[in-house]
2 protein chains.
Amino acid sequence: MKKISVLIVDDHALVREGLAKILSMEEGISVVGEAENGERAVELALKLKPDIVLMDINMPGINGIEATKMIKNEMPEIGIIALTIHDQEEYLFELIKAGASGYVLKDIRPDLLVQTIFGVARGESFVPPSMTTKIFSELARLSSLSGRNSFPQGLTRREVDVLRLVAHGDSNRAIAKKLFISEKTVKNHLTNIFQKLGVEDRTQAAIHAVKSKIVEL
Amino acid sequence: MKKISVLIVDDHALVREGLAKILSMEEGISVVGEAENGERAVELALKLKPDIVLMDINMPGINGIEATKMIKNEMPEIGIIALTIHDQEEYLFELIKAGASGYVLKDIRPDLLVQTIFGVARGESFVPPSMTTKIFSELARLSSLSGRNSFPQGLTRREVDVLRLVAHGDSNRAIAKKLFISEKTVKNHLTNIFQKLGVEDRTQAAIHAVKSKIVEL
DNA sequence: TCTTGTATAGGACTTAAGCCCTATTTTCAT
DNA sequence: ATGAAAATAGGGCTTAAGTCCTATACAAGA
């Protein structure tokens, strides 16, 4: 069993130290870095490629949500757990949209935090029980809204269609035929997809799609 | 636990029926199709995408080795187990080269065949104990041959280098710089790679590389 | 109502990608 | 020694891919 590498992000040195202490006690976890603001968080995440980022939301400059977006954009395989002081439900959906996999209060019991880290490393997602109700109602709202968006990386439904075919090895012409649209439209979608995923061409997009499990192998 | 889907290929209806009977008794296995020759085998394999193909070697027309190559070329994730009447070691290495993962005699005990199927589905490889010696000596020969070839799909060492970078999302120019060769040479290698893998462009090659585990994610 | 997001598509352009040849050099296997 | 495979590279060519901009139509949120 490999240790789970964790990057701690918080603007308060005290909080960072506390978290590091708690996590260091744990056998299967190793803290590989600490960042004191959003910029450093993104920088370190890309450099250290940790399994998990513990991300404080309230930070001066680039906040936790922005940092989450940036990291997820570059390395979708990194799991991000958001930390908040109190129940700030206004951030919840923004965070989910940004790609965070967990949302925990800072006064969480250490053993539960550890559990959450292991869970997210396994690909699961966590929110505090007090918020599950919110989640469900939001989910209901979204699905009644004839399934608007809620796609990975902010991709639209159509963009996901196109990306899937790209990851299948199809050319623009082939995609156009399969989706009954013009090659021009396919190109437009692709330009948007590349921009959203932060990649340069279809090959990188295909790889990204596989890595971030937008498509299955 | 999902059932393992199996395609049976043999030109003798009796053998097919026998195998199907045996395998149908097994809980975790479901026979999804049968083919009576190499052409049908390739056709059905691509259509049904079974986990495992049980492939007879001696068939009129496209034989088992050719069919194995074709299937592996199109869908490297399908596991292929070769069936032979008697110890025909002259085919063994050809089969391994073609991408077969198992090599069993037709008079194998049913429970061992089942075991082999489960093993191959898990990504393991099997040859009869009587042939392991052959394997080892061949392996020794090849490695004494200063590690010549023995690369997936008949790719050369350099081609694997190039393919790895393609699957990393690099452009021809980037690959050229990293490998200290000209862009022209990269293109030449790529043309050869496409031909060998049976794909049309770098995106398909990248996907193929990931699927056939030439590169890791 | 006005605006925003999505899907569609065309014009016009640049360039990376890919193909087909030929050719040289090195390295091995025979 | 000789021949084959592998790695290198260039010429010359075609086309797919990708960018930037504009534009229309529709749906839905504010």
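Being a predicted model, the structure only gives us computed values, none of them experimental. Just so we're on the same page: letters track the sequence lines, and every chain starts at 1.
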Could you tell me the separation between the [atom1] atom of [X] and the [atom2] atom of [N], rounded to a whole number of Å?
X	N	atom1	atom2	answer
B:D161	D:dA7	CG	C1'	11 Å
B:E159	D:dA7	CD	C1'	10 Å
B:N188	D:dA6	CG	P	14 Å
B:K187	D:dG10	NZ	P	12 Å
B:I193	D:dA7	CD1	C1'	12 Å
A:H189	C:dG5	NE2	C1'	13 Å
A:N192	D:dG18	CG	P	13 Å
A:Q195	D:dT19	CD	C1'	12 Å

Closest to the side chain of B:R202, out of C:dA17, C:dC20, C:dT8, is C:dA17
Which of these nucleotides, C:dG18, D:dC20, D:dG18, is closest to any side-chain atom of B:L190?
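The nucleotide sitting nearest to the side chain is C:dG18.
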N or O in side chain of A:T185 less than 4.0 angstrom from C:dA9 OP1/OP2:
yes
Side-chain N or O of B:T191 closer than 4.0 Å to phosphate OP1/OP2 of C:dG18: no
Does a donor on one side chain sit under 3.5 Å from an acceptor on the other, for A:H12 and A:D10?
->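 Checked: A:H12/A:D10 side chains show no N/O donor-acceptor pair below 3.5 Å.
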- Message: Regarding B:S30 and B:S5, do their side chains bring together a donor and an acceptor under 3.5 Å, going by distance alone?
- Response: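 Distance-only check fails for B:S30 and B:S5.
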Pairing of A:R164 and A:D161 as salt bridge, 4.0 angstrom limit: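 Salt bridge flag = no for A:D161 with A:R164.
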Would you call B:K106 and B:D56 a salt bridge, using N to O less than 4.0 angstrom? yes
**Asked** Tell me, which of residues 171-184 of chain A have any heavy atom that sits under 4.0 Å from an atom in DNA chain D?
**Response**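 Of all residues in residues 171-184 of chain A, the ones placing a heavy atom under 4.0 Å from DNA chain D are A:S171, A:N172, A:R173, A:K184.
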Inset, instruction - Taking the side chain as every heavy atom from C-beta outward, state whether A:L83 and A:L19 have any atom pair closer than 4.5 Å. - result: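 In contact.
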Residues 34-46 of chain A vs side chain to side chain donor-acceptor pair (under 3.5 Å), sequence neighbours excluded, gives A:R16-A:E34, A:R40-A:E43
**Message:** Let's test your reading of the model: under 3.5 Å, does the base of D:dA17 pair with the side chain of A:D201 as donor and acceptor?
**Reply:** no
Those residues at least two apart in sequence (or on a different chain) that pass salt bridge (charged side-chain N to carboxylate O under 4.0 Å, His left out) with A:E183 are A:R173
